[in-house]
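What follows is a short report on a single structure.
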Amino acid sequence: MSFEIQSTSPSGRYQLQVDPWEARNSHWVLSPQIADGESGSILFKLSAAAWSAENSAWENDEVVRIDLRKYPGDQPRPCLVVRLNCAQETGGLEAGHVVPFAALEALLEEALFSAS
């Protein structure tokens with residue numbers, strides 16, 4: 001794995017890192033993780049490498065908004081918008097409830113296949 005920094009919190013403490021991999025010819029997936037620069041720990045990482053962080057924007061020093069897509073692109077919902085609170089280690093869908101990082105991937109899978 002060769003993680004690259006996609007974006008950094010305003011203070012520089014947290015980083016959204018991505019591991020780019022080529023799923024098909026010229027079709028890249030950017031598997032995300034959140035790293036804490038103070039402790040050196042990985043706070044959040046999805047177990048399925050098929051999730052791709054298409055865009056990210058820090059709303060403040062602790063909260064990042066990420067547009068996630070799951071490869072392949074023929075999913076029922078093309079993109080999910082999530083907000084991750086790095087200090088609280090929680091996240092949720094843009095208009096949904098918040099769960100601990102450990103439960104977020106199951107929430108994403110459920111939302112991907114539920115009616116939009």
Side-chain angles (χ1 to χ4, degrees):
M1 290 189 186
S2 57
F3 282 92
E4 301 171 0
I5 299 170
Q6 184 181 81
S7 64
T8 303
S9 65
S11 72
R13 176 174 180 179
Y14 301 107
Q15 295 178 341
L16 173 60
Q17 302 173 343
V18 294
D19 180 22
W21 59 278
E22 193 170 16
R24 286 195 311 230
N25 188 25
S26 299
H27 186 104
W28 290 88
V29 174
L30 307 172
S31 301
Q33 69 179 22
I34 299 285
D36 182 336
E38 283 185 8
S39 69
S41 63
I42 301 304
L43 302 177
F44 172 74
K45 184 175 181 178
L46 296 163
S47 63
W51 287 102
S52 185
E54 298 301 297
N55 296 298
S56 62
W58 289 86
E59 296 180 352
N60 58 48
D61 196 48
E62 299 171 346
V63 178
V64 62
R65 177 186 179 271
I66 306 172
D67 298 341
L68 288 174
R69 177 182 53 83
K70 190 168 184 188
Y71 180 82
D74 59 351
Q75 304 294 334
R77 293 179 66 180
C79 193
L80 296 174
V81 178
V82 297
R83 281 190 171 77
L84 304 180
N85 185 312
C86 299
Q88 296 178 4
E89 296 189 28
T90 60
L93 295 170
E94 190 170 41
H97 63 284
V98 175
V99 298
F101 280 167
L104 187 56
E105 190 163 7
L107 181 69
L108 294 173
E109 291 289 344
E110 181 181 322
L112 189 65
F113 292 100
S114 68
S116 53

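In this text, all values refer to a predicted model and were calculated from it rather than measured experimentally. Residues: numbered from 1 along the sequence shown.
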Can [Y] be reached from [X] by stepping across I, L, V, M, F, W or Y side chains whose heavy atoms are under 4.5 Å apart?
| X | Y | result |
| --- | --- | --- |
| Val98 | Leu68 | no |
| Leu107 | Phe113 | yes |
| Leu16 | Leu93 | yes |
| Val82 | Leu112 | yes |

Parallel, tilted or perpendicular: rings of Phe44 and Phe101 (30°, 60°): tilted

Gap separating the [atom1] atom of [X] from the [atom2] atom of [Y], nearest 0.5 angstrom:
| X | Y | atom1 | atom2 | answer |
| --- | --- | --- | --- | --- |
| Glu105 | Lys45 | CD | NZ | 11.0 Å |
| Arg13 | Thr8 | CZ | OG1 | 13.5 Å |
| Ser52 | Trp21 | OG | CH2 | 9.0 Å |

Would you say the side chain of [Y] lies within less than 4.5 Å of the side chain of [X], judging by non-hydrogen atoms?
| X | Y | value |
| --- | --- | --- |
| Leu84 | Ile66 | yes |
| Pro32 | Leu46 | yes |
| Gln17 | Ile34 | no |

For [X] and [Y], test the side chains for any donor-to-acceptor distance below 3.5 angstrom and give the result as yes or no.
| X | Y | result |
| --- | --- | --- |
| Thr90 | Asn85 | no |
| Trp51 | Ser31 | no |
| Gln15 | Ser9 | no |

Atom CD of Glu22: over 12 foreign heavy atoms under 6.0 Å: yes

Residue pair His97, Val99: steps toward the side-chain contact (heavy atoms from CB on, under 4.5 Å) verdict: CA-CA 7 Å; His97 63 284; Val99 298; 3.6 Å; yes

Evaluation steps, side-chain contact (heavy atoms from CB on, under 4.5 Å), between Val64 and Arg83: CA-CA 6 Å; Val64 62; Arg83 281 190 171 77; over 6 Å; no

Using modelled atom types only, decide if a donor and an acceptor are shared between the side chain of [X] and the backbone of [Y] within a distance under 3.5 Å.
| X | Y | result |
| --- | --- | --- |
| Asp36 | Tyr14 | no |
| Ser41 | Leu43 | no |
| Gln33 | Val18 | no |

Check against salt bridge (Lys or Arg N to Asp or Glu O under 4.0 Å), Lys70 and Glu109: CA-CA 9 Å; Lys70 190 168 184 188; Glu109 291 289 344; 2.4 Å; yes

Heavy-atom closest contact (Val29 atom, Ala49 atom, distance): CG1-O, 3.5 Å

Asp67/Ser56 under side-chain contact (heavy atoms from CB on, under 4.5 Å): CA gap, chis, key distance, verdict: CA-CA 6 Å; Asp67 298 341; Ser56 62; over 6 Å; no

Worked check of salt bridge (Lys or Arg N to Asp or Glu O under 4.0 Å) between Glu59 and Arg65: CA-CA 7 Å; Glu59 296 180 352; Arg65 177 186 179 271; 5.1 Å; no

